[in-house]
Q: 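Quick one: the structure is below, and I'll ask about it shortly.
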Amino acid sequence: MSKFQAPKGVSEYYPPNSQQFEYVRDQLLRTARLAGYKLIELPVFEDTEVFTRGVGESTDVVSKEMYTFEDRGGRSITLRPEGTAGVMRAVIEHNLDKGQLPVKLFYTGPFFRAERPQAGRYRQFYQVGIEAIGFNDPEIDVEVISVAQTAFKALGLKKFKLNITSLGDSSSRENHRKDLVKFISGLKLDEATLARAQINPLRLFDDKREEVKAAMAKAPLLLDYLNKESKQHFETVQGLLKNIGIDFQINPRMVRGLDYYTGTTFEFDHQMLGAQSGIGGGGRYDGLMSSLGGADVSGIGFGLGIDRILLACQAENSLPAELNEIDLFVAPITEAGKAAAFKLISELRLSGVTCDMAYGDRGLKGAMKAADRSGAKYGLVIGDDELATGNCQLKSMSSGQLISSNLDASDLLEKLGKK
RNA sequence: GUGGGCGUAGCUCAGCUGGUAGAGCACCCGGUUGUGGUCCGGGAUGUCGCGGGUUCGAGCCCCGUCGCUCACCCCA
């Protein structure tokens, strides 16, 4: 056992698993690009205040899960616990909202929360997210949801569900909160739970304990307090979702953990994961930009958890069996063969062929074994005969069939079907 | 922060009521002096997480400690 271990609770990916991780991330990014979103690449740390003001002081994320430290200039810095606040900081700073709207951005990378790790929950985890800024039409809500849905489908996932609700606008929430607080004050609950209710009474809807669920069964629902405008917006969203064939379930008890959400919010759950079954979620955040000092511009977005989506794909066995397959593996058997092999694979790589070769002096058998282990589609022996005649035999590693070819990059490209 | 489970070979794990370690897979060599997989033969590998205690004797029992893991809270 080595002396050093990775810090507690981080997810690490190395071959062969890292190929699956890479595939999942690339599919998610591809889906965002297909919908016209453009990359935004941001620092993994920000001024702490971006999160305390953006995400909200009362959230668990901010109050007890942030990696915060002082840098050498005495500034308070925090490793990003989520993506949206930082994106909004950049949008404001670079005036990205001053051009044509909506601004459509996607991002990916690691995020950090100092929580107790468990299955599907890590202290460093990976997300792909998108943000559509500057439009508050229901259409854009549906587009964001459908991008997530499309991404899951592209990965072959089936056993997931979409939950949606609406948090309404601030006046709807204010009215509901008054009644909810009154209702909760009539309940017999333990001190810790009441303390949570003080911070955000909505949290009690999310409690997994049966006694709390029972107590909350008759609690007033925010969905019943939506004013006309909010209600109309939410109904349009539902209609559009049905129209494009996206199944969903309205869940008025769904609670999101970040304070900036307003209006439409949603969550995707996967049925085959453990306690941490949320594979992605998001919603509208119409007050976030202004709370960070920007213009009063609305927005909506989501974050998808790559780690959890990978676990879901593995549970459903939905990933392709072969990933990053090697096209050609060269087995040189003499010194001259090695030199020729080097030259050949560098030429083929330039033409986009994935290729590798055997190193060392383990003989032909060893080199062929290496070809086999590499998972390559084709093998190619280069020895004195090949160099003398200029002919070689391309071998299909699956069927064993030998294909004659000239020993040059151009002819091999053709035989490999890469031309 | 709270609770449960688990730490034995590179990996997955077995190891009886205590008698100083094993399997499968993987790896290496050979059977095969120009073609891998299958098959056959051979081979290397362990401070049994760490520290202490009980015992003639501890992988196994007791105490402590560290780590991992699952769950609560919360979230991707």
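Each chain gets a letter, A, B and so on, in the order its sequence line appears, and its residues count up from 1.
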Q: Nearest whole angstrom, please: distance from the C1' of A26(B) to the CZ of Arg373(A).
A: 9 Å

Q: Return the CG to CZ distance between Asp169(A) and Arg284(A), rounded to the nearest 0.5 Å.
A: 12.0 Å

Q: Assign Glu65(A) to base, sugar-phosphate, or nothing according to its heavy-atom contacts below 4.0 angstrom with the strands shown.
A: sugar-phosphate

Q: Quote, to the nearest angstrom, the C1' distance that separates C48(B) from G7(B).
A: 10 Å

Q: Checking side chain to side chain contact (heavy atoms under 4.5 Å, CB included) for the pair Lys158(A)/Gln271(A): CA distance, chi angles, key distance, verdict?
A: CA-CA 9 Å; Lys158(A) 292 192 171 67; Gln271(A) 299 159 29; over 6 Å; no

Q: Check the orientation of Phe205(A) and His176(A). Use parallel for under 30°, tilted for 30 to 60°, and perpendicular for over 60°.
A: parallel

Q: Determine the interatomic distance between P on G49(B) and the same-named atom on U12(B); round to the nearest Å.
A: 15 Å

Q: Could you point out which residue of Thr68(A), Val44(A), Thr52(A) forms a side chain to side chain contact (heavy atoms under 4.5 Å, CB included) with Thr78(A)?
A: Thr68(A)

Q: Write down the partner of U32(B) under the Watson-Crick or G-U wobble criteria, each distance required to be under 3.5 Å.
A: none

Q: If the cut-off is 4.0 Å, is Arg121(A) near the phosphate of C73(B), judged by side-chain N/O to OP1 or OP2?
A: no

Q: What's Arg362(A) touching, base or sugar-phosphate or nothing? Going by heavy atoms closer than 4.0 Å.
A: sugar-phosphate

Q: So what does Gly400(A) touch, heavy atoms closer than 4.0 Å: a base, only the sugar-phosphate, or nothing?
A: base

Q: Please give the nucleotide sitting opposite C61(B) as a Watson-Crick or G-U wobble pair, both distances under 3.5 Å, or none.
A: G53(B)

Q: Mark yes or no for a side-chain to base donor-acceptor pair under 3.5 Å between Glu267(A) and A76(B), with no hydrogen or angle criteria applied.
A: no

Q: For Glu115(A) and U69(B), give me the distance from atom CD to atom C1', rounded to whole Å.
A: 16 Å

Q: Could you tell me the separation between the CD atom of Glu386(A) and the P atom of G34(B), rounded to a whole number of Å?
A: 11 Å

Q: Give me the distance, rounded to whole Å, that separates A21(B) from U47(B) when you measure between the C1' atoms they each carry.
A: 14 Å

Q: Between Val255(A) and Leu273(A), which has a closest nucleotide on RNA chain B that is more 5'?
A: Leu273(A)

Q: Can you work out whether Asp384(A) or Phe268(A) has the more 5'-proximal nearest nucleotide on RNA chain B?
A: Asp384(A)

Q: With the side chain of Ile333(A) defined as its heavy atoms from C-beta on, choose the nearest nucleotide among G34(B), C29(B), G36(B).
A: G34(B)

Q: Regarding Gly274(A), tell me which of base, sugar-phosphate or nothing describes its non-hydrogen contacts under 4.0 Å with the strands shown.
A: sugar-phosphate

Q: Should the pair Tyr126(A) and Tyr13(A) be assigned to parallel (<30°), tilted (30 to 60°) or perpendicular (>60°) ring geometry?
A: perpendicular

Q: For G3(B), which nucleotide in any strand shown is its Watson-Crick or wobble partner with both distances under 3.5 Å?
A: C70(B)

Q: Inspect the contact between Arg25(A) and Glu22(A) and indicate whether a charged nitrogen and a carboxylate oxygen are less than 4.0 angstrom apart.
A: no

Q: Are A76(B) and Phe125(A) stacked, with the base six-membered ring and the side-chain ring centres under 5.5 Å apart and planes under 30°?
A: yes

Q: Will you find, in the side chains of Tyr122(A) and Gln276(A), an N or O donor that is under 3.5 Å from an N or O acceptor?
A: no

Q: Taking G10(B) as the reference, what is the distance to C27(B) when you measure between their P atoms (whole Å, please)?
A: 15 Å

Q: Assign Thr334(A) to base, sugar-phosphate, or nothing according to its heavy-atom contacts below 4.0 angstrom with the strands shown.
A: nothing

Q: Looking at Gln276(A), I'd like to know whether one of its side-chain N or O atoms comes within less than 4.0 Å of OP1 or OP2 on A76(B).
A: no

Q: Quick one: is Gln393(A) getting a side-chain N or O under 4.0 Å of the U35(B) phosphate, OP1 or OP2?
A: no

Q: Without decimals, in angstroms, what is the distance between Leu28(A) CG and A76(B) P?
A: 15 Å

Q: Take the protein atom CZ of Phe21(A) and the nucleotide atom P of A76(B), then report the distance between them rounded to whole Å.
A: 17 Å

Q: How many whole angstroms separate atom CE of Met368(A) from atom C1' of U35(B)?
A: 5 Å

Q: Would you say Arg116(A) places a side-chain N or O within less than 4.0 Å of OP1 or OP2 belonging to U69(B)?
A: no

Q: So, is Lys8(A) close to the C68(B) phosphate, meaning a side-chain N or O under 4.0 Å from OP1 or OP2?
A: yes

Q: Measure from the side-chain heavy atoms of Val381(A) and tell me the nearest of G37(B), U35(B), C72(B).
A: U35(B)

Q: Do other residues, nucleotides or ligands put more than 12 heavy atoms under 6.0 Å from the NZ atom of Lys213(A)?
A: yes

Q: Which whole-number value in Å describes the distance from Asn391(A) CG to G34(B) P?
A: 19 Å

Q: With C1' as the reference atom in both, quote the distance from G59(B) to C50(B) in angstrom, rounded to an integer.
A: 14 Å

Q: Classify Arg256(A) by what it touches in the nucleic acid, base, sugar-phosphate, or nothing, heavy-atom distance under 4.0 Å.
A: sugar-phosphate

Q: At less than 3.5 Å, do the side-chain atoms of Lys395(A) and the base atoms of G36(B) form a donor-acceptor pair?
A: yes

Q: Using both distances under 3.5 Å as the test, list the Watson-Crick or G-U wobble partner of G43(B), or none.
A: C27(B)

Q: When you measure from the side chain of Ala119(A), which nucleotide among U35(B), G36(B), A71(B) comes out closest?
A: A71(B)

Q: Which one is paired to A9(B), where only Watson-Crick or G-U wobble pairs with both distances under 3.5 angstrom count?
A: none

Q: A26(B) and G37(B): how far apart are their C1' atoms, nearest whole angstrom?
A: 15 Å

Q: Within the 4.0 Å heavy-atom criterion, would you say Gly280(A) contacts the bases, only the backbone, or no part of the nucleic acid?
A: sugar-phosphate

Q: Looking at Asp26(A) and Arg30(A), is any side-chain nitrogen of the basic one under 4.0 Å from a carboxylate oxygen of the acidic one?
A: no

Q: Within this structure, what is the CG-to-P distance between Asp385(A) and U33(B), rounded to whole angstrom?
A: 16 Å

Q: With both distances under 3.5 angstrom, what nucleotide forms a Watson-Crick or G-U wobble pair with G18(B)?
A: none

Q: Classify Tyr122(A) by what it touches in the nucleic acid, base, sugar-phosphate, or nothing, heavy-atom distance under 4.0 Å.
A: base

Q: In whole Å, what separates the C1' atom of A14(B) from that of C60(B)?
A: 13 Å

Q: Between C56(B) and U20(B), how far is it from one C1' atom to the other, in whole Å?
A: 13 Å

